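Index from 1, following the sequence. From a predicted model like this one, the values you see are computed outputs, not experimental measurements. Computed over heavy atoms, backbone and side chain alike; hydrogens, waters and symmetry mates excluded.
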Amino acid sequence: RRADVAMYAAKEAGSGYEVYDSEMDRHNPARLALISQVRPALDGTEFILHYQPKLYLGDSRVAGVEALIRWEHPDRGLVQPYEFIPLVERTVLLRPLTLYVLNEALRQWHVWDRMGIAVPMAVNLSPRSLLDTQLPDQVNEMLGRWNMPPVALTLELTESFLMSDSGRSTDVLAHLSEIGVQVSIDDFGTGYSSLSYLKRLQVDEIKVDRSFVTNMRADPNDLMIVKATVELGRNLGLRVVAEGVEDAKTWQDLADIGCDVAQGFFLSRPLPPMEMTDWLAVREPNRGRDDPVPAEPVAGALARSPLRAL
């Protein structure tokens with residue numbers, strides 16, 4: 001049974017082989033106990049969202065925020081998504097959890113919009129959610145419920161989705177694009193997908209994986225990958241986001257090579273709603289959804305923040 005677990009882990013990772021580890025075994029007693037607590041956690045609102053901002057590298061405008069799920073477990077404390085999302089993806093709980101996250105993110109967008117702070121919202125989507133043909137209608141209904149323009153919502157998919165794409169998921173993604181929702185490919189550069197998908201699937205954005213961005217100053221190969229990705233995005237008319245920006249020098253290097261947007265601890269760690277509201281209020285005072293955003297050097301924006309760059 002453990003060899004079987006390792007085999008499926010190798011297939012999912014595309015690595016060709018894996019050594020068994022109890023963490024990859026969804027039948028591990030501890031993991032089974034955790035997954036059994038997901039439904040009560042949903043009913044008890046133990047799941048919360050934190051938000052991480054993104055800034056345009058050209059003028060430091062706020063480009064949007066990314067919603068990131070956390071589990072406030074009564075016994076284990078704050079549980080990170082990598083500990084429970086892979087388990088949920090294999091169960092019928094994926095749909096209710098996905099809808100909960102989407103609704104909560106859009107509700108928070110509506111709260112900010114009413115405060116005069118209208119920034120685009122990004123939400124991570126499991127590739128398995130694209131097998132749910134009802135998803136586009138449910139997203140459209142939520143957009144109407146919270147009076148949110150479709151273009152203000154970005155759905156992020158990992159690049160592994162392109163490798164396992166099926167006709168059914170392509171249709172769901174096409175319907176979401178027809179609604180006007182933006183589509184982003186996360187962890188770009190870590191998979192082996194065909195670049196032709198970027199055009200065929202009407203992708204709007206690609207996110208350079210943090211592993212390349214974090215090491216780009218130390219590793220010339222990582223720097224070349226980041227440069228090539230930025231150039232690819234420019235040629236295809238796609239927005240390019242660099243994740244994992246942790247210092248001012250990396251920010252400046254990305255700006256110099258023409259990357260569009262940055263995200264990472266240099267700007268802010270993921271914050272709970274109230275703290276994110278304060279962070280945005282400093283930079284987006286009385287900004288409506290149709291108002292232009294004043295440009296401001298990033299140094300000035302960060303200097304006025306109680307959360308300095310790490």
Ion pair check, E275 and R269, cut-off under 4.0 Å: yes
Below 4.5 Å, heavy atoms only, C-beta onward: do Q138 and L99 meet side chain to side chain? yes
Do V245 and Q263 have side chains that approach each other closer than 4.5 Å (heavy atoms only, starting at C-beta)? no
side-chain hydrogen bond (donor to acceptor under 3.5 Å, both in side chains) with R210: which residues, sequence neighbours excluded? none
Any donor and acceptor pair, going by atom type alone, linking the side chain of N215 with main-chain N or O of S211 inside 3.5 Å? yes
Side-chain donor/acceptor pairs under 3.5 Å, residues 219-233, sequence neighbours excluded:
from	atom 1	to	atom 2	distance (Å)
D219	OD1	N221	N	2.8
T229	OG1	I225	O	2.8
E231	OE1	R234	NH1	2.7

More than 12 heavy atoms of other groups within 6.0 Å of E72 CD: no
Cluster membership besides V261, Ile/Leu/Val/Met/Phe/Trp/Tyr side chains within less than 4.5 angstrom, sorted by chain and number, is Y56, V241
So does D59 pair up with R61, basic N to acidic O under 4.0 Å? yes
Is the closest side-chain heavy-atom distance between R70 and L49 below 4.5 Å? no
Using side-chain heavy atoms (C-beta onward) and a distance below 4.5 Å, is V240 in contact with F188? no
Might you work through the side-chain contact (heavy atoms from CB on, under 4.5 Å) test for D204 and L238, ending with a clear yes or no? CA-CA 5 Å; D204 303 285; L238 304 177; 5.6 Å; no
Who passes salt bridge (charged side-chain N to carboxylate O under 4.0 Å, His left out) against D253, sequence neighbours left out? R217
Between L157 and L125, is there a side-chain heavy-atom distance shorter than 4.5 Å? yes
Among pairs that include at least one residue of residues 99-108, which meet salt bridge (Lys or Arg N to Asp or Glu O under 4.0 Å), considering only residues two or more places apart or in two chains? E104-R107
With heavy-atom distances below 4.5 Å as the criterion, would you say the side chains of W109 and P149 are in contact? yes
Please walk me through it: do W112 and M276 pass side-chain contact (heavy atoms from CB on, under 4.5 Å)? CA-CA 10 Å; W112 286 331; M276 190 72 255; 3.7 Å; yes
For L78, which fellow cluster members are found when Ile, Leu, Val, Met, Phe, Trp and Tyr are connected by side-chain heavy-atom distances below 4.5 angstrom, either directly or through intermediates? I48
Applying side chain to side chain donor-acceptor pair (under 3.5 Å), which residue pairs with at least one partner in residues 94-103 are found, sequence neighbours left out? R95-D132, T98-S129, N103-R145, N103-W146
For T133, the side-chain hydrogen bond (donor to acceptor under 3.5 Å, both in side chains) test, sequence neighbours excluded, returns none
P273 meets the side-chain contact (heavy atoms from CB on, under 4.5 Å) criterion, sequence neighbours left out, with Y51, Q108
Would you check if E89 and P127 make a side-chain contact, meaning some heavy-atom pair closer than 4.5 Å? yes
With sequence neighbours left out, what residues match T214 under side-chain hydrogen bond (donor to acceptor under 3.5 Å, both in side chains)? none
Check which hydrophobic residues are tied to L68 through side-chain heavy-atom contacts below 4.5 Å, counting indirect links as well, and list them. none
Between F47 and F84, what is the ring plane arrangement, given parallel below 30°, perpendicular above 60°, and tilted in between? tilted
Side chains of Q182 and E205 only: does a donor on one sit below 3.5 Å from an acceptor on the other? no
Within-4.5 Å side-chain heavy-atom neighbours: L176 and V139: yes
Under a 4.5 Å side-chain heavy-atom rule over Ile, Leu, Val, Met, Phe, Trp and Tyr, are I257 and L236 clustered together? yes
Residues in side-chain hydrogen bond (donor to acceptor under 3.5 Å, both in side chains) with N124, at least two apart? E66
